[in-house]
Amino acid sequence: MPTYADATKVAEVEQRIRSYPPLVSIAEIRRLKHDLAEIHRRSGFVLQGGDCAESFADFSETKIESTYTLLGDMAAVLGDATRHPVVRIGRMAGQYAKPRSSDTETIKDKSLPSYRGDMVNSFTFDEEARHPDPTRMEDAYFKAAGTLNLLRSRDPEGDGRAPFYTSHEALLLPYEQALLRRAGDTGAWYDCSAHFLWIGDRTRQLDGGHVEFARGIANPIGVKVGPSTQPDELVRLTEVLNPLNEPGRLTLICRMGAAHIDRLLPPLLKAVKTARRSVLWVCDPMHGNTSSTSIGLKTRDFKSMLSEVQGFFYAHAHLGTCPSGLHLEMTGQAVTECIGGPSRLEEEDLEKAYRSCCDPRLNREQALEMAELVARELKLMRPATAAPLDWSAMHGSVVHLRPRRTMPVPPRYAIGAR
Ligand code: PEP
Ligand code: CO
């Protein structure tokens, strides 16, 4: 959380946002919770994706439309494998606040406060620009409203499929709190800044403010589950965040890293299954696989991400639990931020179109390739449609990273934990 210099100014901005209309409606939020509960019941799939950090400068029709279209195209590929419509959730219309591992950023000999997302301060490397400015919360509100307006015009309700939903990390609590609205029928509080909110890996402490906030809202919520998560701690989190054990309420978004997933994920799956906690398991193959190039650009290797996805499916197949979704940092624009993929981008290519303000994103062709590979994993889990997994056939760009499975794969409907 940033430290604002002027608490009165923060309170004034909060007060104004509190008086504005909600960005999403309680009825829509309830619909998403229902759709996620259906994923439990019918072994469906959720696709969540978008920028690591949305940027005010990138607020344009082309930008929003390209990622929206890409999510739709990927959902079609995945839906073909699951035979159910895939629930689409954008990391959009509010992904403006970033947790940082370090409070400062140093370029050459100069150290300044870290960039914390456009809702907090500016990406510009300048002393003044890096001060947290509370009026940015109001800018974020209107940018989110404009984004939602475009998304709604592209995705009109009523054609029978699930609507397009939005999400972001519930990090900047003054903003989230200002968008709380109370349901007239049940009296429950909803965070109407987005349909789905998640708690980041850095702020998921059981006695922390972010868990306390999320506990009090009725939205479907997620928690990022990183390598330091202990099984008993995770079970406790599921009890605190989903005391009624409602299907659809809680999604665990695992981001272990390709090197650790085989060791770290199974004990967590086992603990949550044994405790009979109802959760959706989603794979974020991005955040555990970040590295730095020789010139200091953050990147991710497509092969490592793919390896983590395979490890995720592998662990679920062993334990009879259900892999229910994919969470990606991606954009419909032709950026060069991640290494590998169909065009076999290399480190030297990254400078050509590196535009992320925060973490490296998959571009359109890399994201589509990922969707195709995940669709193959999903088909493999369904005995009726099982096809041999031949990674090398995928545009020739993927190598065998794991041995072929030898154990029988349990049917996707036999899920003990559910
Ligand atoms: C993110 O999703 O951009 C992020 C910061 O993730 P995590 O909390 O998993 O590190
Ligand atoms: Co990120």
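In each ligand, atom 1 is the first atom listed, and ligand 1 is the first ligand listed. Since the model is a prediction, treat every value here as computed from it, not as a measurement.
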Euclidean distance, [Y] [atom2] relative to [X] [atom1], rounded to 0.5 Å:
{"X": "D126", "Y": "N121", "atom1": "CG", "atom2": "CG", "result": "11.0 Å"}
{"X": "T69", "Y": "R364", "atom1": "OG1", "atom2": "CZ", "result": "7.5 Å"}
{"X": "K224", "Y": "C254", "atom1": "NZ", "atom2": "SG", "result": "10.5 Å"}

Do T135 and R16 have side-chain N/O donor and acceptor atoms under 3.5 Å apart?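 No donor-acceptor contact under 3.5 Å links the two side chains.
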Establish, from distance only, whether the side-chain atoms of H34 and R31 form a donor-acceptor pair under 3.5 Å.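 Side-chain D/A pair, H34 to R31: absent.
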At less than 2.8 Å, would any N/O/S atom of C358, backbone or side chain, sit next to the Co ion (ligand 2)?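 Under 2.8 Å: C358 has no N, O or S contact with the Co ion (ligand 2).
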For the Co ion (ligand 2), find the closest N/O/S atom belonging to E329 and write down its atom name.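 Among the N, O or S atoms of E329, the one closest to the Co ion (ligand 2) is OE2.
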To the nearest 10 degrees, calculate the angle at the Co ion (ligand 2) involving OD2 of D359 and SG of C52. 90°
Assert yes or no for the condition that the ring centre distance of Y96 to F56 is strictly below 6.0 Å.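 Here the rings of F56 and Y96 have centres that are less than 6.0 Å from each other.
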F196 and Y165: aromatic ring centres closer than 6.0 Å? no
Distances only, to 0.1 Å: what are the N or O pairs between ligand 1 and the protein that fall under 3.5 Å?
from	atom 1	to	atom 2	distance (Å)
ligand 1	2 (O)	R91	NH1	2.9
ligand 1	2 (O)	R91	NH2	3.3
ligand 1	2 (O)	K224	NZ	2.7
ligand 1	2 (O)	H287	NE2	3.3
ligand 1	3 (O)	R91	NH2	2.9
ligand 1	3 (O)	K98	NZ	2.7
ligand 1	3 (O)	H287	NE2	3.0
ligand 1	3 (O)	E329	OE2	3.0
ligand 1	6 (O)	K224	NZ	2.9
ligand 1	8 (O)	D201	N	2.8
ligand 1	9 (O)	K224	NZ	2.9
ligand 1	9 (O)	R255	NE	2.6
ligand 1	10 (O)	R202	NH1	2.8
ligand 1	10 (O)	R255	NH2	2.8

